[in-house]
Amino acid sequence: QVQLVESGGGLVQAGGSLRLSCAASGNIISITTMGWYRQIPGKQRDLVAAITSGGSTNYADSVKGRFTISRDNAKNTVYLQMNSLKPEDTDVYYCNGEIRDDDRYPPLNYWGQGTQVTVSS
């Protein structure tokens, strides 16, 4: 059973910073892409940033230059450093991992439970 556990959310004033972490555990053979998504209740889950096992990154236009995604492959952990936070960044942030846990099947998408980020003006 694979689990993704997020940490690091909270309340911060506009202009401040937060660092999110997400650790994958369980019967993991390999992890390809890991990423962060955010979702306002009642709306779709949107990509914030993603990173491949080789280190290639992809960001939503709204966070480019402010957020940085990184990963530690040895620890199966992905991070999201969020700087210059704005009230519109307020959301629940979800970790995602494309994880192979069985050699017989292709990788599956796993999700964390979500962590709340609130930016006050």
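No hydrogens, no waters, no symmetry mates; every other heavy atom, side chains included, goes into these values. If you read the sequence from its start, that first residue is 1, and numbering goes on from there.
Across all non-hydrogen atoms, the minimal contact from Val12 to Leu85 is CG1-CD1, 3.6 Å. Contact detail for Asn76 and Met34: the closest heavy-atom pair is O-CE, 4.2 Å. Here the closest non-hydrogen pair linking Ala50 and Thr33 is CB-CG2, 4.0 Å. For the residue pair Ser121 and Ala14, the shortest heavy atom distance occurs at CA-CB, 4.4 Å. Closest non-hydrogen pair, Asn73 versus Ser53, comes out as ND2-O, 3.3 Å. Scanning all heavy atoms of the two residues, the minimum distance from Ala24 to Ile99 falls at CB-CD1, 4.2 Å.
In this structure, CG in Asp102 is found 7.5 Å from CG in Asn27, a value given to the nearest 0.5 Å. A distance of 12.0 Å separates OG in Ser17 from CZ in Arg19, rounded to the nearest 0.5 Å. Atom CD1 of Ile69 is separated from atom CH2 of Trp36 by 8.0 Å, given to the nearest 0.5 angstrom. One distance of note links OG of Ser25 with NZ of Lys75; it measures 14.5 Å at 0.5 Å rounding. Taking CD from Glu98 and CD1 from Ile31, the interatomic distance works out to 10.5 Å, rounded to the nearest 0.5 Å. The structure places CG of Asp91 at 8.0 Å from CD of Gln39, a figure rounded to the nearest 0.5 Å.
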List the steps, then state whether side chain to side chain contact (heavy atoms under 4.5 Å, CB included) holds for Tyr93 with Leu18.
CA-CA 12 Å; Tyr93 285 71; Leu18 283 174; over 6 Å; no

* Could you give me the CA-CA distance, side-chain angles and deciding distance for Val78 and Ile51, then say whether side chain to side chain contact (heavy atoms under 4.5 Å, CB included) is met? => CA-CA 8 Å; Val78 64; Ile51 184 168; 4.0 Å; yes

TODO: Using the side chain to side chain contact (heavy atoms under 4.5 Å, CB included) rule, take Val48 and Tyr59 through it: C-alpha gap first, then chi angles, then the decisive distance, then the call.
DONE: CA-CA 6 Å; Val48 176; Tyr59 295 93; over 6 Å; no

Hey, mind stepping through Glu6 and Thr115 against side-chain hydrogen bond (donor to acceptor under 3.5 Å, both in side chains) and telling me if it holds? CA-CA 7 Å; Glu6 299 131 337; Thr115 185; 6.0 Å; no

Determine, stepwise, if the pair Asp103 / Ile29 fulfils side chain to side chain contact (heavy atoms under 4.5 Å, CB included).
-> CA-CA 8 Å; Asp103 272 336; Ile29 296 173; 3.6 Å; yes

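Using a 4.5 Å heavy-atom threshold, the side chains of Met82 and Leu20 count as touching. Two residues are said to be in side-chain contact when any heavy atoms from C-beta on lie closer than 4.5 Å; Tyr110 and Asn96 fail this criterion.
By the criterion of side-chain heavy atoms lying less than 4.5 angstrom apart, applied directly or through intervening Ile, Leu, Val, Met, Phe, Trp or Tyr residues, Ile28 is grouped together with Leu108 in one hydrophobic cluster.
Residue-environment remark: CD (Gln3) stays at or below the threshold of 12 foreign heavy atoms within 6.0 Å. Enclosure of atom CD in Glu88 by more than 12 non-hydrogen atoms of other residues, nucleotides or ligands within 6.0 angstrom is indicated.
Remark: Arg71 is not positioned above the aromatic ring of Tyr79, lacking an NZ or CZ atom under 6.0 angstrom from the ring centre and at most 45 degrees off the axis.
Residues satisfying the salt bridge (Lys or Arg N to Asp or Glu O under 4.0 Å) test with Asp89, not counting sequence neighbours, are Arg38, Arg66.
Neither side chain, Thr77 nor Asp72, offers a donor N or O lying under 3.5 Å from an acceptor on the other.
When atom types are taken as modelled, the side chain of Thr68 and the backbone of Gln81 share no donor-acceptor pair closer than 3.5 angstrom.
Cluster partners of Leu47, by chain and number: Tyr37, Val92, Tyr94, Trp111. The rule joins Ile, Leu, Val, Met, Phe, Trp and Tyr whenever side-chain heavy atoms lie under 4.5 Å apart.
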